[in-house]
Amino acid sequence: MTVFKTSLRNFFAHKGRMALSAVAVLLSVAFVCGTLVFTDTMNSTFDKIFSATAPDVSVSPKDAASGDDVQRSRKVPTIPASKVAELEKVKGVKSAVGDTVSTSVTAVDSENKKIGLAEGAPSVATNWDSAELSSVEITSGHEPRGPTEIMVDADTADKKNLELGDKVRIIAVPGDATFTITGIATFQVTNPGSSIFYLDDETAQRRLLGATGKYTSIALTAAPGVSNDELKQSVLASLGPDHDLKVKTKAETKEENKDELGSFLDVMKYAMLGFAGIAVLVGIFLIVNTFSMLVAQRTREIGLMRAIGSSRRQINRSVLFEALLLGVVGSILGVGGGIGLAIGLMKLMGTMGMNLDTSELTVKTATPVVGLVIGVLTTVVAAYIPARRAGKISPMAALRDAGTPADSRAGRIRAVLGLLLTGAGAAGLAMAAKADKATDGSMFLGLGVLLTLIGFIVIGPLLAGVVVRVLSAVLLRMFGSVGRMAERNALRNPRRTGATGAALMIGLALVACLSVVGSSMVASASDELDKSVGADFIIEPDNGVIKPQVEQAIKRAKHLEHVSDYKILENATITTPDGKKVKDDLDAASPSYAKDLRSPVIEGTLVDAFGKNAIGVPEGFAKDHKVALGDVLSVDFKEGGTAKLTVRVITSEDTAFNKGAIYLGVDTAKDYIKPDQMPQNLMMFAAAKEGQDREAYKSLKAELTTYPDVTVRDQADYKKLLEDQIGQMLNLVYGLLGLAIIVAILGVVNTLALSVVERTREIGLMRAIGLSRRQMRRMIRLESVVIALFGALLGLGLGMAWGVTAQKLLALEGLKTLEIPWPTIGAVFVGAAVVGLLAALVPAFRAGRMNVLNAIATD
């Protein structure tokens, strides 16, 4: 009990020294708990949305698209309106309502600006009926009552400044129509981020489906006392065995929607937890350093405790008990911080259009438990080695100055182990770089990254002795005796310097790796664009497909040599000469597409693939199925009949664009697929007449002015788009890695602060023999800078090795250009020096403010 009382006294006596370690635990736990609370809240919110909007039983066509799938062809799978009356007569049905829903619409305001709450979220147009009142309430105006009236949801109206009487144009597959807003409906549940537009029943059918007398689904409400499962069975019985409809209960609809949403949320959750894990790993270094230094500073105290009868086990427990207290305090604060982080993420989602209400914040019992376990376990495990070292202190240590002697034998073993791990990791990276397949190489890459990282961590003290001397020779010697003392301080305890630098190394290694990969991807795509894309203009919708009226507008543009269609024919069944059936998507394009995309070929000519009853296959497909030039393949189109197509070209897979694509001509597809079943263009390409690029660009832009959901880009625009997309992704990752780097910076601050306390008497003696306060502060700052640069050098070197290896694997997928972002690498290195300088401000100030006599008298 006395030992534990001593531990409590020490913990609260040195709470300032523990503070930064507690912050590291807090940040790590907060990130984990915040991620769990946010994703649980999202799941709970969408569960309520699905419960409010899903009918007791829904009936829809079997081949109807699910979720937010866009309308790919002009014909939408529908149910005859007469089916509503039939189903209403089924036993157990209280009411049956026909629904007309389309996510393939674009809404435009009177200023021709696209209306939408969230980037990427679809706008939804649907018919208004009484069933909608389960999820929305009309709060202004009235429901649509005629062919020119429309009602909009309140969130969209608020964010887009829409009012009663304003005009809204709906661009749908059957055509465009302008409506007047006559009502505004407010969600009774959380708005999922989509803009919702309500039309009257007949108008919705005509404007969204192209004809009246049909619905996209039918919603059934169960009569009192009838369960949803019973109602489903009654409906199935009434439909008979040969029906082509899909019947689902509310629970099944919810589960289907949750599965689609869950895959996205799982990716987000595990990615964020991965970054939290990196922060936890970095925090371990900080905690190890903190307790190692505290143990070293209390060597005499621990020696006295041993002399008066404390056993090794008691000393060990004493240190671990302090770690337990630190872990509990940091974790409890971290759980609270996690809830705050989750609320912040919800507010962020609100700015993107998804109004998550903080009243729906979901904190499951498991979340704080997980946070506490992670925080406490991490802290105790990190403190275990310092605790063991404390237990080994002998009673004779009470007669020595503070500080534990280094174990030279352990240092040698550590060096050998570190070299072996680093060598094995380097071999893994080399094998990954030489791999013939990206899938095989990725395993070696992962192994190489793991082993080199662990190897550098283990060998850190050995590297510190070498790297710090080199850095000092370049940077510190110019500061004279102060610089030399800073160097010796950094080298005094290589293990401590190595651990502090390793914490910074982990975050910067990942930054460097991703910078190399991102820059290489942009450079490769740009080079491939120059080499492979011959089209002057690339025309893409913001989401979905290019609608027929937009296609006509594109083809009306002047100064164009040609315009190429490009469609995807999904799930075609190909029968190969060896009798095997293969399901794959087909790329259907105009013959001019061969000029727009200069795809390399093994045999034949690319343009021949777009001829009458012709097809082009990639070399991998040809090898796997023993297909040769001139062979005839039987192709069953999902949307049409069966064709016998002759292989006219075998394309190379040594490309980044359309790698592995199976080509055929649009005209061939039209021979076997009905016009209303033909998929719409996914994108289109255009080439200007000789010397008329500028005029063609202006003409295309002018024709598409009224369609703000479609963008025309020339090759320069497209390169900029690729660069921006990859840049946004990297910025997001850098932001998440910033947590680990912040924890590492706290480690530098903590190491210096404890080092100043440890060297109190030494600092007093140096001040007594003439070292000025300014020189003292400079010495501490230089020591911090050299430690930070040591970590930066290791991290940047390691990260660039990982990035170069990863690029070798990307080269197998067609991204062949290696680009080292030297400006970014240089900025990170300089940033590390600035970080080191800032981290030293408080410790240097404390060292400079010490009373000389009191410092010398310190025991």
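The model shown is predicted, which means the values in this text are computed figures rather than measured ones. Atom set for the values below is all heavy atoms of this structure, side chains included, hydrogens, waters and symmetry mates excluded.
For the side-chain contact (heavy atoms from CB on, under 4.5 Å) with I278, the lone residue among I741, L737, V743 that qualifies is L737. Checking each of L325, V329, L324, L326 against T379 for a side-chain contact (heavy atoms from CB on, under 4.5 Å) leaves exactly one that passes, namely L326.
Across all non-hydrogen atoms, the minimal contact from W802 to L429 is CD1-CD1, 4.0 Å. The two atoms that bring R495 and P461 nearest to each other are CA-CG, 3.7 Å, heavy atoms only. Taking both residues in full, the closest heavy atoms of A844 and R777 are given as O-CG, 3.1 Å, listed atom of the first, atom of the second, then distance. Closest non-hydrogen pair, A490 versus T497, comes out as O-OG1, 2.5 Å. When every heavy atom of V749 is checked against every heavy atom of P843, the shortest pair comes out as O-CG, 3.9 Å. In plain terms, the two heavy atoms of A840 and S784 that are nearest each other are CB-CB, 3.4 Å.
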Mind listing the side-chain donor-acceptor pairs of residues 466-474 below 3.5 Å, one per line with the distance, residues two or more places apart or on another chain?
from, atom 1, to, atom 2, distance (Å)
R469, NH1, G465, O, 2.7
S472, OG, V468, O, 2.6

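Distance CG/L798 to SG/C513: 9.0 Å, rounded to 0.5 Å. We find the CE-CZ distance between M505 and F790 to be 8.0 Å, quoted to the nearest 0.5 Å. A distance of 8.5 Å separates CD1 of I787 from CZ of R496, quoted to the nearest 0.5 Å. Interatomic distance, L782 CG to N489 CG, rounded to the nearest 0.5 Å: 10.5 Å. To the nearest 0.5 angstrom, L730 atom CG is 10.5 Å from E723 atom CD. With rounding to the nearest 0.5 angstrom, the CG atom of L417 is 9.0 Å from the CD1 atom of I413.
For S524 (side chain) and T817 (main-chain N/O), a donor-acceptor pair under 3.5 Å exists by modelled atom type. Looking at S772, its side chain does come within 3.5 Å of a backbone N or O of Q775 through a donor-acceptor pair. A side-chain donor-acceptor contact under 3.5 Å links T452 to the backbone of V449. With hydrogens and angles disregarded, no donor-acceptor distance shorter than 3.5 Å links the side chain of Q728 to the backbone of Q725. Judged by distance alone, the side chain of T378 and the main-chain N or O of G375 form no donor-acceptor pair under 3.5 Å.
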Can you check side chain to side chain contact (heavy atoms under 4.5 Å, CB included) on I825 and M800, steps first, answer last? CA-CA 9 Å; I825 300 297; M800 284 194 289; 4.2 Å; yes
Audit row: V828, L508, side chain to side chain contact (heavy atoms under 4.5 Å, CB included) steps and yes/no: CA-CA 8 Å; V828 170; L508 296 186; 3.8 Å; yes
Derivation and outcome, side chain to side chain contact (heavy atoms under 4.5 Å, CB included), residues L453 and I457: CA-CA 6 Å; L453 179 61; I457 291 170; 4.2 Å; yes
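Electrostatic pairing of R492 and E762 counts as a salt bridge here, judged by a charged N lying under 4.0 Å from a carboxylate O. Residues D527 and K816 are not paired through a salt bridge, judged by the lack of any N-O separation under 4.0 Å between the basic side chain and the carboxylate. Looking at D530 and K719, a side-chain N of the basic residue comes within less than 4.0 Å of a carboxylate O on the acidic one, giving a salt bridge.
Applying the side chain to side chain contact (heavy atoms under 4.5 Å, CB included) test to L818 and every residue at least two apart in sequence or in another chain returns V516, S520, V804, Q807, I820.
Under a cut-off of 6.0 angstrom, the local environment of OH in Y384 is sparse, with at most 12 non-hydrogen atoms contributed by other residues, nucleotides or ligands. R477 CZ: more than 12 foreign heavy atoms inside a 6.0 Å radius.
In this structure, M766 and M485 have side chains that are in contact, with non-hydrogen atoms separated by less than 4.5 Å. At a threshold of 4.5 Å between non-hydrogen side-chain atoms, the residues M850 and R773 do not count as touching. For the pair V280/I374, a side-chain contact is recorded, criterion being any heavy-atom separation below 4.5 Å from C-beta on.
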